[in-house]
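When a ligand or atom number is given, it counts from 1 through the structure's own listing order. As the structure is a prediction and not an experimental result, all values here were calculated from the model.
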Amino acid sequence: MTVETVQLEMNSPITDAEELKLVSSRYPVRITKYYKGLIKEKNDAIWKQSMPSIKELEDSGITDPLGEEHDSPVKCIVHRYPDRALFYSTSECAMFCRFCTRKRKVGKTDTVSKEDWNEGFEYIKKHTEIRDVVVSGGDPLTLSDENLGFILSNLRKIKHVQIIRIGTRMPVVNPNRITDKLCSILKQHHPLYINTHFNHPDEITDESTEACNKLANVGIPLGNQSVLLKGVNDDIATMKLLMQKLLEIRVKPYYIYMMDLILGASHFRTSLQTGLDIIEGLRGHTSGMAVPQLVIDAPNGGGKIPIMPETIISKEYGEVILRNYENKYFSYPLE
Ligand SMILES: *Cc1c(COP(=O)(O)O)cnc(C)c1O
Ligand code: SF4
């Protein structure tokens with residue numbers, strides 16, 4: 001792995017030694033040198049996403065909030081939706097985000113082997129209904145170029161796989177990983193999409209901009225999936241700036257997730273109303289391109305469910321009464 005990470009010292013000036021010791025005995029702690037460099041002060045948005053907190057241990061939540069184990073026919077596949085599957089390529093990440101949904105898995109000793117991948121390819125081969133494969137993890141870009149190329153070319157050999165997507169936080173936490181060599185491998189596997197994971201405008205730097213540029217320049221459409229995190233991005237101004245800045249670096253906002261009910265991360269949860277207010281603060285007020293879909297990934301394997309502020313006020317007497325972004329009402333015939 002080409003990632004340069006910093007091991008936090010027990011006497012690290014930037015986090016409490018006792019806190020670090022307690023938390024890291026339960027959940028792995030890792031931060032890249034680059035991402036740590038973005039911290040301006042204790043408890044800022046970058047800090048909160050990357051530094052362990054004692055709150056992770058005082059917590060009620062569930063270890064597998066999305067019921068993924070239930071929808072997992074073989075070790076590296078989650079097959080929940082009719083025509084697409086998630087390929088769990090690795091448990092490694094460049095950094096362990098404190099709010100991670102797969103907190104139960106990432107950085108643990110239960111690694112994914114080549115045999116597991118092969119089993120995954122076989123499963124997808126047999127299931128001709130799968131036309132879209134999301135290569136996920138962990139972070140797939142922690143794999144070597146060779147291993148990543150191996151996965152992509154094996155998926156590409158399967159005729160019914162129309163599109164491949166990669167989910168990665170690497171442009172955000174370790175933008176140096178986006179090398180020319182990596183891009184030359186990725187571009188051999190089109191149509192290939194990448195969804196990345198920016199949560200805060202301070203993550204958009206010269207380095208992450210350059211990483212996204214390189215990917216976009218080899219024809220990869222880029223999307224972004226953010227998580228709504230208390231104290232990080234749970235206000236309209238921050239989210240609006242983030243979405244606008246993403247479009248500037250050619251990344252299309254795709255989803256904002258309400259927090260999953262993850263054990264060890266409930267201090268990041270916000271109210272549903274906070275999410276609705278953010279969408280309300282974006283829609284109509286800025287480019288439609290900048291407005292992602294707010295979703296709740298429903299507990300126990302319900303999948304992603306879209307959440308929208310109410311725009312239909314009533315459906316009566318043959319007309320629908322609609323509310324616009326300025327809170328003005330308009331009617332439109334029902335049929
Ligand atoms: C999110 C997810 C997908 C992809 O969902 P889209 O809404 O198509 O982006 C596929 N499989 C699983 C298990 C997922 O969690
Ligand atoms: S990079 Fe993604 S999978 Fe890895 S810890 Fe962060 S959120 Fe979780």
Is any side-chain heavy atom of Asp83 closer than 4.5 Å to a side-chain heavy atom of Ile130? no
Is any side-chain N of the basic residue among Lys75 and Asp116 closer than 4.0 Å to the acidic one's carboxylate O? yes
Hey, does Leu294 have a side-chain heavy atom less than 4.5 Å from the side chain of Met258? yes
Does the distance from a Lys or Arg side-chain N to an Asp or Glu carboxylate O, for Asp64 and Arg102, drop under 4.0 Å? no
Ile151 side chain near Ser89 side chain, heavy-atom distance below 4.5 Å: yes
Using a plain distance cutoff, I'd like to know if Tyr254 has any nitrogen or oxygen under 3.5 Å from a nitrogen or oxygen of ligand 1. yes
Residue and atom name of the nearest protein heavy atom (relative to atom 7 (O) of ligand 1), distance in Å to one decimal: Tyr255 OH, 2.6 Å
Shell of protein N/O/S atoms around atom 6 (Fe) of ligand 2, taken as anything under 2.8 Å: Cys97 SG
What do you reckon, does Arg165 put a non-hydrogen atom under 4.0 Å from ligand 1? yes
Arg80/Glu68 ion pair, N-O < 4.0 Å: no
For atom 2 (C) of ligand 1, find the nearest protein heavy atom and state the residue, atom name and distance (0.1 Å precision). Lys304 NZ, 2.4 Å
Who's the nearest protein heavy-atom neighbour of atom 13 (C) of ligand 1, and how far? Val78 CG1, 3.6 Å
Strictly below 4.0 Å, N to O, side chains only: are Glu122 and Lys125 in salt-bridge contact? yes
Students should be able to answer this: which protein heavy-atom is nearest to atom 10 (C) of ligand 1, and at what distance? Tyr81 CD1, 3.6 Å
Any protein heavy atom lying closer than 4.0 Å to atom 2 (Fe) of ligand 2? no
Answer yes when Glu92 and Arg30 have at least one side-chain N-carboxylate O distance shorter than 4.0 Å, and no when they do not. yes
Please write down residue, atom name and distance for the protein heavy atom closest to atom 8 (O) of ligand 1. Arg84 NE, 2.7 Å
Straight-line distance of Gln188 CD to Cys183 SG, nearest 0.5 Å: 11.5 Å
Under a 4.0 Å N-O cut-off, is there an ion pair linking Lys245 with Glu203? no
